[in-house]
A.B. asks: 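Okay, handing you the structure first.
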Amino acid sequence: MTSSAHHPPSAPILISFDNSDVLVDSLAQFIVKSQKEAIDKKGKFTVALSGGSLPKMLRGLIDNPSVKWNKWHVFYVDERVVPLDHADSNHRACTEALFSKVPIPSDNVYTLDPELLNDLEELSDAYEKILIREFAQKDSARFPIFDLILLGMGPDGHTASLFPNHELLNEDDRWVAYVEDSPKPPPKRITLTFPVINHASRIVFVAVGKEKAEILKQILDSPETGLPSARVKPVYPGQLYWFVDEAAAAKADYPKTPFKL
Ligand SMILES: O=C(O)[C@H](O)[C@@H](O)[C@H](O)[C@H](O)COP(=O)(O)O
């Protein structure tokens with residue numbers, strides 16, 4: 001029997017692109033390949049998206065005939081606790097950058113419940129229940145297994161709404177948790193937890209620009225610092241990729257791998 005207990009996580013794969021346009025194109029190809037494998041296996045594609053600059057990095061999916069939008073089931077890695085049309089909403093950012101431009105059924109995009117914004121506990125429980133419903137299988141795993149999770153990294157090494165030195169870094173039970181004290185505004189968020197992120201089949205961090213160079217070096221060359229982005233270590237057989245541009249990769253000594261599908 002293949003057991004994750006007997007396999008250490010595989011090392012992250014660092015892919016550095018000449019510029020962000022090449023990255024965008026390659027990321028779209030990578031996503032399409034993940035989508036095809038998932039649909040061939042189980043007829044749908046489950047993906048979790050982040051905010052920040054990530055939604056715009058998905059522009060290679062627009063007008064792309066290989067994308068089977070009706071098979072996509074989209075969740076948010078984290079979400080700011082604001083109305084869905086608020087300027088801070090990750091759902092709004094993804095809608096403006098992507099969903100408004102492609103034929104994805106709106107029922108396949110799982111947002112937070114806008115009726116529950118005043119109760120963080122209920123709000124995160126409700127999102128967890130959606131995940132339980134959508135991922136429940138006969139052989140129900142302890143954690144959901146996303147086909148693909150796309151992450152960004154903040155300049156402090158945070159990812160999702162998992163911030164340095166926060167108690168949530170040690171959450172090992174819940175699937176969705178809430179944050180009331182995010183050091184970056186807005187303070188209230190909900191977030192997938194590390195065990196959920198780490199159970200995904202594929203995880204891709206996207207990081208571009210020279211502002212990311214120092215922190216990327218720390219995450220890849222000194223992962224033992226335990227910064228949130230260094231805690232993304234997929235459970236076997238999951239694989240973690242870093243899609244970066246040359247500016248972001250400039251300081252890291254970590255070996256680079258050429259992009260291939
Ligand atoms: O939660 C937030 O306040 C931001 O959305 C943040 O998590 C962002 O995603 C990262 O800082 C990476 O940002 P970029 O992808 O824009 O560099």
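Counting starts at 1 for both ligands and their atoms, in listed order. All residue numbers refer to positions in the sequence shown, counting from 1. What you see below is based on every heavy atom in this structure, not just the backbone, and it leaves out hydrogens, waters and symmetry mates.
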A.B. asks: Do NZ/NE/NH1/NH2 and the carboxylate oxygens of K217 and D253 come within less than 4.0 Å?
C.D. replies: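 Between D253 and K217 there is a salt bridge, with a charged N closer than 4.0 Å to a carboxylate O.
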A.B. asks: Nearest non-hydrogen atom to atom 15 (O) of ligand 1 belongs to which of G52, S53, G152?
C.D. replies: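 It is S53 that holds the nearest heavy atom.
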A.B. asks: Ring-plane angle category for F30 and Y241, please: parallel below 30°, perpendicular beyond 60°, tilted otherwise.
C.D. replies: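 Ring orientation, 0 to 90° scale: perpendicular.
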A.B. asks: Using 4.0 Å as the upper bound for N to carboxylate O, is an ion pair formed by D125 and R174?
C.D. replies: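 Salt bridge present between R174 and D125.
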A.B. asks: For atom 13 (O) of ligand 1, what's the nearest protein heavy atom and its distance?
C.D. replies: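 The protein heavy atom lying closest is K212 NZ, 4.0 Å.
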A.B. asks: Indicate, with yes or no, if I31 and I15 share a hydrophobic cluster defined by side-chain heavy-atom contacts under 4.5 Å among Ile, Leu, Val, Met, Phe, Trp and Tyr.
C.D. replies: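 Linked, I15 and I31 end up in one cluster.
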A.B. asks: Quick one: which of K184, E79, E211 has a heavy atom closest to atom 4 (C) of ligand 1?
C.D. replies: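 Checking each option, the heavy atom nearest atom 4 (C) of ligand 1 is found in K184.
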A.B. asks: When you measure from the heavy atoms of M57 to every atom of ligand 1, does any distance fall below 4.0 Å?
C.D. replies: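 No, M57 has no heavy atoms under 4.0 Å from ligand 1.
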A.B. asks: Could you tell me whether M153 approaches ligand 1 through its side chain, its backbone, both or neither, with non-hydrogen atoms closer than 4.0 Å?
C.D. replies: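 The backbone, only.
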A.B. asks: Nearest protein heavy atom to atom 11 (O) of ligand 1, by residue and atom, and its distance?
C.D. replies: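 Here the nearest protein heavy atom works out to G154 CA, 3.2 Å.
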A.B. asks: Is R189 in polar range of ligand 1, meaning some N or O pair under 3.5 Å apart?
C.D. replies: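 N/O-N/O distance below 3.5 Å exists for this pair.
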A.B. asks: Counting non-hydrogen protein atoms only, what is the nearest one to atom 6 (C) of ligand 1? Give residue, atom name and distance.
C.D. replies: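 Protein heavy atom at minimum distance: H158 NE2, 3.4 Å.
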A.B. asks: Salt bridge between E214 and K251, side-chain N to carboxylate O under 4.0 Å?
C.D. replies: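 Salt bridge between E214 and K251, a charged N being under 4.0 Å from a carboxylate O: yes.
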A.B. asks: If the plane angle is over 60° it's perpendicular, under 30° parallel, otherwise tilted; pick one for F99 and H91.
C.D. replies: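 If you compare the ring of F99 with that of H91, the planes turn out tilted.
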A.B. asks: Should you measure from each heavy atom of R80, which atoms of ligand 1 turn up under 4.0 Å away?
C.D. replies: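 Contacts of ligand 1 toward R80, numbered from 1: 1 (O), 2 (C), 3 (O), 4 (C), 5 (O).
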A.B. asks: Under 4.0 Å between a side-chain nitrogen and a carboxylate oxygen: does that hold for D245 and K210?
C.D. replies: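 No, D245 and K210 are not salt-bridged.
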